[in-house]
Undergrad: 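Encoded as structure tokens, here's the structure I'll be asking about.
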Protein chains: 2
Amino acid sequence: MSSNPVARRRPTHRKGRPTLTRESVGRAALDFLDHHGPAELTMRSLAADLGVSPRALYNYVEDRRDLLTVAAELFESEWRPPELDSGHWRESLRSYCRALRAHYRSHPGMTTLALTENITTARHPTMLRNVDTLIGFFEAVGLSLRDAYRACMETIRLVAGFVELQDIVYDRPPAHVNPADLAQLPPPWLRPKDPKDAGGYGEPEGSEPVGDLPHLARLGELEPDSPDTLFAFSLDILVEGIAARAA
Amino acid sequence: MSSNPVARRRPTHRKGRPTLTRESVGRAALDFLDHHGPAELTMRSLAADLGVSPRALYNYVEDRRDLLTVAAELFESEWRPPELDSGHWRESLRSYCRALRAHYRSHPGMTTLALTENITTARHPTMLRNVDTLIGFFEAVGLSLRDAYRACMETIRLVAGFVELQDIVYDRPPAHVNPADLAQLPPPWLRPKDPKDAGGYGEPEGSEPVGDLPHLARLGELEPDSPDTLFAFSLDILVEGIAARAA
DNA sequence: ACCTGAACACCGTTCAAGT
DNA sequence: ACCTGAACACCGTTCAAGT
């Protein structure tokens with residue numbers, strides 16, 4: 001040991017700012033998503049955030065894909081799931097899914113980015129452990145190993161799909177959708193387009209085009225669901241579906 | 001009527017190729033996805049495909065977002081769902097979902113594009129009619145109107161989520177994943193990274209890292225699921241979950 | 001060893017000009 | 001009326017050069 005040369009530490013600062021690392025760059029990318037949309041996350045904007053030139057990032061990550069992979073790994077490692085108790089498995093699974101949903105929503109766009117960049121290489125040990133635990137939970141509930149694996153994948157996909165396809169529209173309404181429209185049934189994307197912007201669906205006096213869509217029309221009389229209520233329904237379906245399988 | 005000037009038709013051809021229209025441009029975008037990935041669909045590549053300059057597209061669509069909206073509308077209008085029979089509702093719902101899955105897969109990337117571009121404005125009348133019919137089906141099965149709406153959304157989200165998060169990796173394996181790895185359990189994204197590329201998970205002789213993940217390790221002994229089998233499991237969960245709700 | 005600045009090949013979009 | 005070509009402000013990435 002003493003024959004080794006004195007360990008030369010890499011400097012911790014440079015020009016007054018902490019030295020970059022592979023992890024700190026990935027961390028910055030993940031945090032960036034808390035303030036901006038995924039489309040705004042570019043090598044240049046991230047470099048500007050960090051106060052360096054875009055070229056500097058390439059000393060720590062291979063390319064943009066690699067950067068997003070590091071961010072995805074940090075994202076995975078960040079989550080500490082609640083305890084799972086197969087004794088009260090229904091409520092336990094619900095809590096688990098609610099926590100998982102909150103985690104996905106906490107860094108909005110991370111899943112979308114992973115999707116568009118086809119990132120399947122972020123396999124953080126913490127995530128593998130979480131998945132392993134969840135599979136064990138489903139076995140304890142009464143599923144075969146194979147079904148437990150399937151149920152685990154189904155659970156994750158349900159939560160991720162809900163956040164990406166449902167929550168994202170409510171949490172960050174796109175420029176072209178009126179937030180007030182989200183608080184009504186049916187949601188904007190199930191309302192007929194008003195022809196030529198002349199009085200359409202929302203008109204108080206009954207108008208023609210609705211006649212063809214009787215069930216959608218009747219939805220207008222209902223109080224709208226909050227995203228949380230809708231998610232609770234999804235969980236009901238999942239839980240009872242698994243219960244039927246375990247029986 | 002006869003006082004109207006003679007209707008001047010717009011020319012149907014120009015320079016030997018059919019004149020572009022808003023619809024034909026959107027159609028070309030949708031068809032483009034059958035041959036290329038969504039990331040390759042650019043204004044320039046599409047224009048090259050059509051044999052025009054990129055600028056020409058802007059005579060028919062406002063911008064890239066608008067182009068993708070037209071493509072999404074065509075995508076929605078293209079689907080003719082199978083008949084729904086509430087008399088044999090379980091098998092009927094299964095067939096419906098299988099057909100819907102096939103539709104999503106037929107133009108891979110369309111949903112991903114709609115997601116990244118936040119397109120919620122594609123509301124083709126055909127799609128609204130299909131949704132309306134599905135809600136009516138769930139009411140006939142025994143759900144309240146509110147639950148029927150929720151079940152309809154849940155069904156669509158389940159199928160879309162399955163295609164985007166599961167099928168896409170099998171149908172178009174990204175460059176960095178070995179297709180042979182997809183035919184094994186656990187899937188690549190649940191296998192521990194081999195440390196420094198030295199013998200890792202796949203090793204015949206038992207190695208350390210697996211000891212910590214007992215359930216994932218036992219998965220290796222199982223024959224892998226085909227995507228179709230995995231989808232059938234998802235449908236089982238959905239159908240029995242809805243059955244419990246309808247009771 | 002780590003950074004910057006300039007450059008390259010792309011992208012969406014717009015302008016001025018052609019026919 | 002509809003198109004092209006050149007241009008602008010972006011993007012990811014690379015090269016040569018600085019300290």
Side-chain angles (χ1 to χ4, degrees), chain A residues 5-26 28-29 32 36-71 109 113 116-119 174-176, chain B residues 5-26 28-29 32 36-71 109 113 116-119 174-176:
Chain A
V6 174
R8 169 74 71 79
R9 299 184 182 284
R10 59 194 306 279
T12 60
H13 285 74
R14 180 154 182 150
K15 291 207 182 159
R17 116 193 111 50
T19 324
L20 301 179
T21 63
R22 180 172 167 82
E23 191 187 325
S24 77
V25 168
F32 187 97
H36 311 92
E40 296 164 69
L41 173 49
T42 67
M43 301 299 278
R44 293 173 124 100
S45 65
L46 188 65
D49 251 32
L50 289 166
V52 295
S53 83
R55 174 63 182 85
L57 302 180
Y58 289 88
N59 292 323
Y60 305 96
V61 295
E62 289 181 24
D63 50 22
R64 180 180 143 91
R65 235 191 87 80
D66 191 37
L67 168 71
L68 295 174
T69 304
V70 180
L113 280 176
T116 59
E117 297 282 341
N118 277 121
I119 292 175
H176 59 93
Chain B
V6 173
R8 169 76 70 80
R9 297 183 183 285
R10 61 195 304 280
T12 61
H13 284 73
R14 180 157 182 146
K15 294 211 180 153
R17 114 194 113 52
T19 325
L20 301 179
T21 63
R22 180 173 166 82
E23 191 186 325
S24 77
V25 168
F32 187 97
H36 311 92
E40 295 165 70
L41 173 49
T42 67
M43 301 299 279
R44 292 173 125 99
S45 65
L46 188 64
D49 250 32
L50 288 165
V52 296
S53 83
R55 174 64 183 85
L57 302 180
Y58 289 88
N59 293 323
Y60 304 96
V61 294
E62 290 182 23
D63 50 23
R64 181 180 143 91
R65 236 191 87 80
D66 190 37
L67 169 72
L68 295 175
T69 304
V70 180
L113 279 176
T116 60
E117 297 282 341
N118 276 120
I119 293 175
H176 59 94

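Letters go in sequence order (proteins before strands), and every chain restarts at 1.
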Undergrad: Between D/dT4, C/dT4, D/dT13, spot the one nearest the side chain of B/S53, thanks.
TA: D/dT4
Undergrad: Distance check needed: C/dT13 P versus B/D66 CG, whole Å only.
TA: 10 Å
Undergrad: Looking at side-chain heavy atoms only, is the closest gap between B/L20 and B/V52 below 4.5 Å?
TA: yes
Undergrad: Counting only heavy atoms not in B/E23, do more than 12 fall under 6.0 Å of its CD?
TA: no
Undergrad: Which whole-number value in Å describes the distance from B/L41 CG to C/dC11 P?
TA: 11 Å
Undergrad: Quick one: look up who C/dA1 pairs with, Watson-Crick or G-U, both distances under 3.5 Å, and put none if it's unpaired.
TA: D/dT19
Undergrad: So, do B/H36 and B/L41 sit near enough that their side-chain heavy atoms are less than 4.5 Å apart?
TA: no
Undergrad: To the nearest angstrom, how far is B/R64 atom CZ from C/dC11 atom P?
TA: 11 Å
Undergrad: Output the rounded distance in Å from CG (B/L57) to P (D/dC3).
TA: 9 Å
Undergrad: Mind checking who D/dA7 pairs with, Watson-Crick or G-U wobble, both distances under 3.5 Å?
TA: C/dT13
Undergrad: Which is more 5' along DNA chain D, the nucleotide nearest B/A56 or the one nearest A/T42? Just name the residue.
TA: B/A56
Undergrad: Just N and O in the side chain of A/Y60: are any of them under 4.0 Å from OP1 or OP2 of C/dA1?
TA: no
Undergrad: Take the protein atom CD of A/E40 and the nucleotide atom P of D/dC10, then report the distance between them rounded to whole Å.
TA: 13 Å
Undergrad: With a cut-off of less than 4.0 Å, is there a side-chain N or O of B/N59 near OP1 or OP2 of D/dC3?
TA: yes
Undergrad: Expressed in angstrom and rounded to an integer, what is the separation of B/L67 atom CG from C/dG12 atom P?
TA: 10 Å
Undergrad: How long is the line joining CZ of A/R65 and C1' of D/dC11, in whole Å?
TA: 18 Å
Undergrad: Of the nucleotides D/dT13, D/dC3, C/dT13, which has the atom closest to the A/R44 side chain?
TA: D/dT13
Undergrad: State which of C/dC3, C/dG12, D/dC3 makes the closest approach to the side chain of B/L20.
TA: D/dC3
Undergrad: Answer yes or no: is there a side-chain heavy-atom contact under 4.5 Å between B/V25 and B/L67?
TA: yes
Undergrad: Could you check whether A/R55 gets within reach of a base, just the sugar-phosphate, or nothing at all, counting any heavy atom under 4.0 Å?
TA: base
Undergrad: Please report, rounded to the nearest Å, how far the P atom of D/dG5 is from the CE atom of B/M43.
TA: 17 Å
Undergrad: Do B/E117 and B/T69 come within less than 4.5 Å of each other through their side chains, counting heavy atoms only?
TA: no
